[in-house]
Amino acid sequence: MSEETQTMLLDYAIWFITYALFSALVMVTLLLAIAFLLLMDRKVWAAVQMRKGPNVVGPFGLLQSFADLLKFVFKEPVIPAGADKTVFILAPVASATFALAAWAVIPMSEGSFFGLADGRWVISDLNVGVLYLLAISSLGVYGIIMGGWASNSKYSFMGSLRSAAQMVSYEVSIGLVIITVLLCAGSLNLTEIVNAQRVGVGSSVGLPQSLLDWYWLPLFPMFVVFFISALAETNRPPFDLPEAESELVAGFMVEYSSTPYLLFMLGEYVAITTMCALTTILFLGGWLPPLDIAPLNWVPGIIWFVLKVVAVFFMFAMVKAMVPRYRYDQLMRLGWMVFLPLSLVMVVVVAGVLQYGGLV
Amino acid sequence: MIIKALFFYLFAILSVAAGAMVIIARNPVHAVLFLILTFFNAAGLFILLGAEFLALLLVIVYVGAVAVLFLFVTMMLDVDFAELKAGFIKNAPVGALVGGIVLLELAGLFLLHGFSTGAAGVTQTAMPSLGSGVDNTTALGRVLYTKYIFFFQASGLVLLVAMIGAIVLTLRHKEGVKRQSVPAQVARNPKTAVEVVEVPSGGSIIPSTEGQ
């Protein structure tokens, strides 16, 4: 082996280890955050129904998620006799892996990561970050289909069929909504999409850079469509038909127990957090402060990002607590007959306004 | 280069192996899952070529949509394995003939062009440089909407025709099936929906059928 090859391999090893460490850091932080988001979800739900929610484990029930984690891990995984074992185990793993993989391209802030020379607030700043996210989120459906089929139970199968149809339907409108944002930002790179929101409606009428510049204002109908489609895409109530308790017991995960079930739940919550982050990046200005004046723009970008993600998650939780579940045909009608035409027309309108309004 | 070559061999071997498993696997659902693995590795090869837009499009379109439909269909099928095997003997010679021809053609190509040196030769095939600062989304957009605009529109039309065809073939309005009509529901008002009835004390009322 020549000297040159050796230095190259060494460089590669260093690069690899750095990235592996960064990825591990993001994953651990994300999972910790999700433990508390899950608690928040349950607390908000409880507060709306005038209950206390989990309040026994730790102060204010803060450690509830960790208690649940331990409980799931120590239970015995039951694999049904008629199940296709490989696919049965593969399904939850695929579900969790695909959900976590999305976080590789999500920029959480800008600039150097805690002053590190080569550090950034994103693992991979892809040029086609948006497409990557679309690709990964369309893979999430496989965990559900595989799990439903491999369980060899009619309830699971019904659940997974519903879920597949639902996710494929709402992906179409999500894609079109994202296209409108891309048209405005002129880039598929998520960092550039956030930076394009520094100037917008607010600054064009002479205001300082503020939350009026972000895309939620000019693209408000798309913001609403995206939020509702995100609920449907992640199987959140009121669109939780795949696991409709009243009809299908627990839908595609009815045969799952222990760690495989935990992985499904984890995948679901990671996907929800991803959608919250995506809403933040596409419509709520990512890490930009709500008003670009002295005390607010001293706050690091990551804090604004986290606050915005938590705010969007709060809306997810409130919707879960307040809105009754849709019927299946209503869900399909909403997706195909309301959102699809609306977002299709908006793509044409936005493109037209940008082209003939001289805004490109 | 070594790393790139290693990844090339990883993706290439996996995609060929998964491709073989698609036809070897007994269970059709497993076959479709292997097909998905093949798509994935093909996407990996695209990324090695620097065509990340195509790679992600492959994942979105084929893995995210087409393969889901495949999976749907194969899951719904009630496959009789005995019947499948009965057809094997009959169809084997035709299959072998087609496979043999393709193999011969590929061998001919290899013999004509010779083996390039290692995996590096693969990246040399038909990969125009894009110029600096142009990512391949932009590059594709530039030719797709200018030079190839008519072909692009024509392919869109073909897909539209296919879509309309599928709808025409399957859309049927059956008589006597109750359907929900949202406008009719929204248009209901208290006058047509509710009726105030004086109930005589001690007596009973027969619901009127007038408003229906």
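Chain letters run A, B, ... following the sequence lines, proteins first and then strands; every chain starts at 1.
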note = Highest number of heavy-atom pairs under 4.5 Å with chain B among Leu161(A), Val141(A), Leu188(A), Leu134(A) belongs to Leu161(A)
remark   = Ranking Thr86(A), Leu139(A), Val168(A) by heavy-atom pairs under 4.5 Å to chain B gives rank one to Leu139(A)
ask   = Any chance the side chains of Thr274(A) and Trp103(A) put a donor and an acceptor closer than 3.5 Å?
value =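 Yes - a donor-acceptor pair under 3.5 Å links their side chains.
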key: Ser187(A) and Glu192(A) side chains, donor-acceptor separation under 3.5 Å   =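 Distance-only check passes for Glu192(A) and Ser187(A).
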Please classify the contact between [X] and chain A as side chain, backbone, both or neither, with a heavy-atom cut-off of under 4.5 Å.
{"X": "Ala55(B)", "answer": "neither"}
{"X": "Leu33(B)", "answer": "side chain"}
{"X": "Val182(B)", "answer": "side chain"}
{"X": "Ile36(B)", "answer": "side chain"}

By a 4.5 Å heavy-atom criterion (distance strictly below it), what part of [X] contacts chain B: side chain, backbone, both, or neither?
{"X": "Phe16(A)", "answer": "neither"}
{"X": "Tyr12(A)", "answer": "side chain"}
{"X": "Val128(A)", "answer": "both"}

inquiry  = Quick check on the interface: out of Leu57(B), Ile60(B), Val61(B), Leu71(B), who has the most heavy-atom pairs with chain A under 4.5 Å?
reply    =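 Max contact count across the listed options: Ile60(B).
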message = Distance to the ring centre below 6.0 angstrom and angle to the axis at most 45 degrees; does that hold for Arg162(A) and Tyr328(A)?
response = yes
request  = Look at the aromatic rings of Phe239(A) and Tyr326(A) and report parallel, tilted or perpendicular, splitting at 30° and 60°.
outcome  =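 Rings of Phe239(A) and Tyr326(A): tilted, as their planes differ by 30° to 60°.
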query = Counting only N and O atoms by type, is there a donor-acceptor contact under 3.5 Å from the side chain of Tyr170(A) to the main-chain atoms of Phe339(A)?
reply =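 Side chain of Tyr170(A) to backbone of Phe339(A), a donor-acceptor pair under 3.5 Å: no, none is there.
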query = Sub-3.5 Å donor-acceptor pair from the side chain of Ser156(A) to the main-chain atoms of Asn152(A), do we have one?
reply = no
ask   = What about Phe46(B) and Phe53(B), are their ring centers closer than 6.0 Å?
value = no
